[in-house]
Amino acid sequence: MVPPPPINKPHVCLSTTLIMSSMVLMDAYLVEQNQGSRKLGICIMVSVGDLCFLVVLRYVAVWVGAEVRTAKRGYAMILWFLYVFVLEIKVYFIYQNYKADRKSLDLMARKALTLLLSICIPALYVLLVATEHMEYVRTFKKKEDLRNRLFWVIVDMLDVLDIQANLWEPQKKGLPIWVEGLMFFYCYILLLVLPCVSLCEISMQGISIMPHRMMLYPMLSMLTINITTIFIRGSNMVFFRDIRVSGIFMGKNVLAIVLKVCMFVQYRKHLHHAPAGSGTSDPQHNATSQPQPVLHLLKPQNQTPCPEGLAQENT
């Protein structure tokens, strides 16, 4: 039998600390939004919920720590789905309490909630991807290309959180009820699904990861975030006279659409001009798969061999 992979204990401790810290801070918001005897009941309820969540997290985080050095991200997707599912439920109740009594809580607390979500959610995604632990990604160019693609995922998360934060940050009456509910749950679904798609793409690539072939997430994000959020923000400006619409993220979405269309066109040209039957466009793979001429017979015998790591970097 194959022995199980070793557990990365620092990774487990860091992810667990980040998750439970954000949960406790959300609980503090929920407790402070209630007064009197109801505060004690909410405190007991969220404490019991956190203990149950911690029991489940104890196993899932260990499984994630065991696969962090492998090419699989299955348990990472489970952990992400579980975390965002529970976190967004708490955010929904906080948002409803803000909506019911907008004068009781100041603007700084609302801004702090947005800042907390914009730090914890992308930070957990970076931990689950664990680019630094991908020992099977040999070349520096591939790892940097992968980091650039993951950076776009983080920017898309911040874009979604910016739309969601427009529901609880204003202290006056905002959008109609059905529009607010639709926007919240649309952002909720995007935060649940799209990062899991990115993790699944990394997992499907396996050890022979090729970032230039990871086209599923850019296509989905262009349709569900870059294009859709432009219409959402434009509709809020035109129909509801919303002055809180972020023009910076609208510009980001326009630039992202242009860049992704160019990327798709270049990828199609690359596939069209690729030699038939090559099976892969990885230059390292092609260099190793082609027959090498027998030149080693002409080498002098007293030549020292090049170190293996240096040879890989030079190829």
Side-chain angles (χ1 to χ4, degrees), residues 12-64 78-125 127-128 157-158 160-192 195 244:
V12 174
C13 295
L14 189 58
S15 59
T16 304
T17 302
L18 177 62
I19 291 173
M20 294 310 300
S21 299
S22 60
M23 290 294 179
V24 170
L25 290 174
M26 292 295 109
D27 295 340
Y29 270 91
L30 289 172
V31 172
E32 287 298 322
Q33 286 178 336
N34 295 275
Q35 302 296 329
S37 60
R38 188 176 179 181
K39 177 181 288 190
L40 180 60
I42 294 295
C43 183
I44 295 174
M45 185 174 63
V46 296
S47 299
V48 173
D50 286 343
L51 288 176
C52 296
F53 183 79
L54 185 60
V55 171
V56 178
L57 182 63
R58 181 253 181 272
Y59 296 99
V60 180
V62 170
W63 296 335
V64 172
I78 295 174
L79 180 58
W80 176 266
F81 194 90
L82 180 65
Y83 171 71
V84 175
F85 179 79
V86 178
L87 183 72
E88 285 291 313
I89 289 177
K90 295 184 178 183
V91 173
Y92 178 77
F93 285 107
I94 294 172
Y95 150 64
Q96 289 297 328
N97 291 332
Y98 277 147
K99 183 180 176 182
D101 191 6
R102 293 182 180 270
K103 297 181 180 180
S104 61
L105 295 169
D106 58 352
L107 183 61
M108 291 303 297
R110 301 165 189 259
K111 292 287 187 180
L113 175 62
T114 305
L115 179 62
L116 175 65
L117 294 175
S118 63
I119 292 176
C120 293
I121 292 180
L124 180 63
Y125 174 78
L127 281 176
L128 295 180
M157 289 184 198
L158 296 177
V160 174
L161 290 172
D162 177 74
I163 292 180
Q164 204 176 48
N166 286 333
L167 301 176
W168 61 72
E169 284 190 359
Q171 293 179 303
K172 59 183 180 179
K173 184 177 180 181
L175 303 174
I177 298 177
W178 67 272
V179 176
E180 290 185 352
L182 187 63
M183 285 178 57
F184 183 88
F185 286 103
Y186 180 75
C187 297
Y188 188 4
I189 293 172
L190 289 182
L191 290 175
L192 273 177
R244 301 177 307 275

**Student:** How long is the span from the CD atom in Q33 to the CZ atom in R38, to the nearest 0.5 Å?
**Tutor:**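 Going from CD on Q33 over to CZ on R38, the span is 10.0 Å.
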**Student:** Would you say K111 and E169 make side-chain contact, with heavy atoms under 4.5 Å?
**Tutor:**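 Counting from C-beta outward, K111 and E169 do come under 4.5 Å.
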**Student:** Which heavy atom of V46 sits nearest to which heavy atom of C43, and what is that distance?
**Tutor:**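 Heavy atoms of V46 and C43 come nearest at CG2-O, 3.2 Å.
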**Student:** Can you tell me how far the CZ atom of F184 sits from the CD1 atom of I189, to the nearest 0.5 Å?
**Tutor:**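 Result: 11.0 Å between the selected atoms.
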**Student:** Determine yes or no for a side-chain-to-main-chain donor-acceptor pair under 3.5 angstrom, with Y29 supplying the side chain and L113 the backbone.
**Tutor:**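 Flag set: sc Y29 to bb L113 pair under 3.5 Å.
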**Student:** Return the CZ to CG distance between R110 and L167, rounded to the nearest 0.5 Å.
**Tutor:**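 So the CZ of R110 and the CG of L167 are separated by 11.5 Å.
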**Student:** side-chain contact (heavy atoms from CB on, under 4.5 Å) between L116 and M26: does it pass, once the steps are laid out?
**Tutor:** CA-CA 9 Å; L116 175 65; M26 292 295 109; 2.9 Å; yes
**Student:** Once salt bridge (charged side-chain N to carboxylate O under 4.0 Å, His left out) is applied, do any residues pair with K39, and if so which ones, sequence neighbours excluded?
**Tutor:**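 Scan of K39 (salt bridge (charged side-chain N to carboxylate O under 4.0 Å, His left out), adjacent residues dropped) gives none.
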**Student:** Are more than 12 heavy atoms from other residues, nucleotides or ligands located less than 6.0 Å from atom CZ of F81?
**Tutor:**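 Incorrect, the count does not exceed 12.
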**Student:** What are the two closest heavy atoms between C13 and T17, and how far apart are they?
**Tutor:**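 Between these two residues, the closest heavy atoms are O-OG1, 2.7 Å.
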**Student:** Could you check whether any side-chain heavy atom of C187 comes within less than 4.5 Å of a side-chain heavy atom of L190, counting everything from C-beta outward?
**Tutor:**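 No, side chains not in contact.
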**Student:** Do the side chain of N97 and the main chain of F93 share a donor and acceptor less than 3.5 angstrom apart?
**Tutor:**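 A pair under 3.5 Å: yes.
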**Student:** So Y125 and W80, would you call those rings parallel, tilted or perpendicular, with 30° and 60° as cut-offs?
**Tutor:**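 Taking W80 first and then Y125, their aromatic rings stand perpendicular (interplane angle over 60°).
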**Student:** So, does S21 use its side chain to make a donor-acceptor pair with the main chain of L18 at under 3.5 Å?
**Tutor:**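 Checking the backbone N and O of L18 against the side chain of S21, no donor-acceptor pair under 3.5 Å is found.
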**Student:** Measure across P122 and L158 and return the closest heavy-atom pair with its distance rounded to 0.1 Å.
**Tutor:**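 Minimum heavy-atom separation between P122 and L158: CG-CD2, 4.1 Å.
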**Student:** Kindly give the heavy-atom pair with the smallest separation between L161 and S118, and that separation in Å.
**Tutor:**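 For L161 and S118, the tightest heavy-atom pair comes out as CD1-CA, 3.7 Å.
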**Student:** Do Y83 and F53 have ring centres separated by under 6.0 Å?
**Tutor:**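 Between Y83 and F53, the centre distance exceeds or equals 6.0 Å.
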**Student:** If I take atom CG from residue L124 and atom SG from residue C120, how far apart are they, to the nearest 0.5 angstrom?
**Tutor:**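 SG of C120 is found 9.0 Å from CG of L124.
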**Student:** Verify, without hydrogens or angle tests, whether Y188 (side chain) and F85 (backbone) share a donor-acceptor contact under 3.5 angstrom.
**Tutor:**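 Yes; judged by distance alone, with no hydrogens or angles, the pair exists.
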**Student:** Any side-chain heavy-atom pair from V64 and L127 closer than 4.5 angstrom?
**Tutor:**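 Heavy-atom side-chain distance check fails, nothing below 4.5 Å.
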**Student:** Apply side-chain contact (heavy atoms from CB on, under 4.5 Å) to the pair E180 and I177, showing each step before the final yes or no.
**Tutor:** CA-CA 5 Å; E180 290 185 352; I177 298 177; 5.6 Å; no
**Student:** Are side-chain heavy atoms of I44 and L40 found at a separation under 4.5 Å?
**Tutor:**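 Contact flag for I44/L40 side chains = yes.
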**Student:** At what distance, to the nearest 0.5 angstrom, does CG of D27 lie from CD1 of I94?
**Tutor:**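 Result: 8.0 Å between the selected atoms.
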**Student:** Applying side-chain contact (heavy atoms from CB on, under 4.5 Å) between L82 and each of L57, V56, L87, I19, report the one that passes.
**Tutor:**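 Only match with L82 under side-chain contact (heavy atoms from CB on, under 4.5 Å): V56.
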**Student:** Within the 4.5 Å heavy-atom criterion, are E88 and L192 side-chain neighbours or not?
**Tutor:**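 The answer is no; the side chains never approach within 4.5 Å.
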**Student:** Decide yes or no for Y186 and V160: does some side-chain heavy atom of the first lie under 4.5 Å from some side-chain heavy atom of the second?
**Tutor:**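 Y186 vs V160: side chains apart.
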**Student:** So how far is it from N34 CG to L30 CG, rounded to the nearest 0.5 Å?
**Tutor:**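 The CG atom of L30 is 7.5 Å from CG of N34, to the nearest 0.5 Å.
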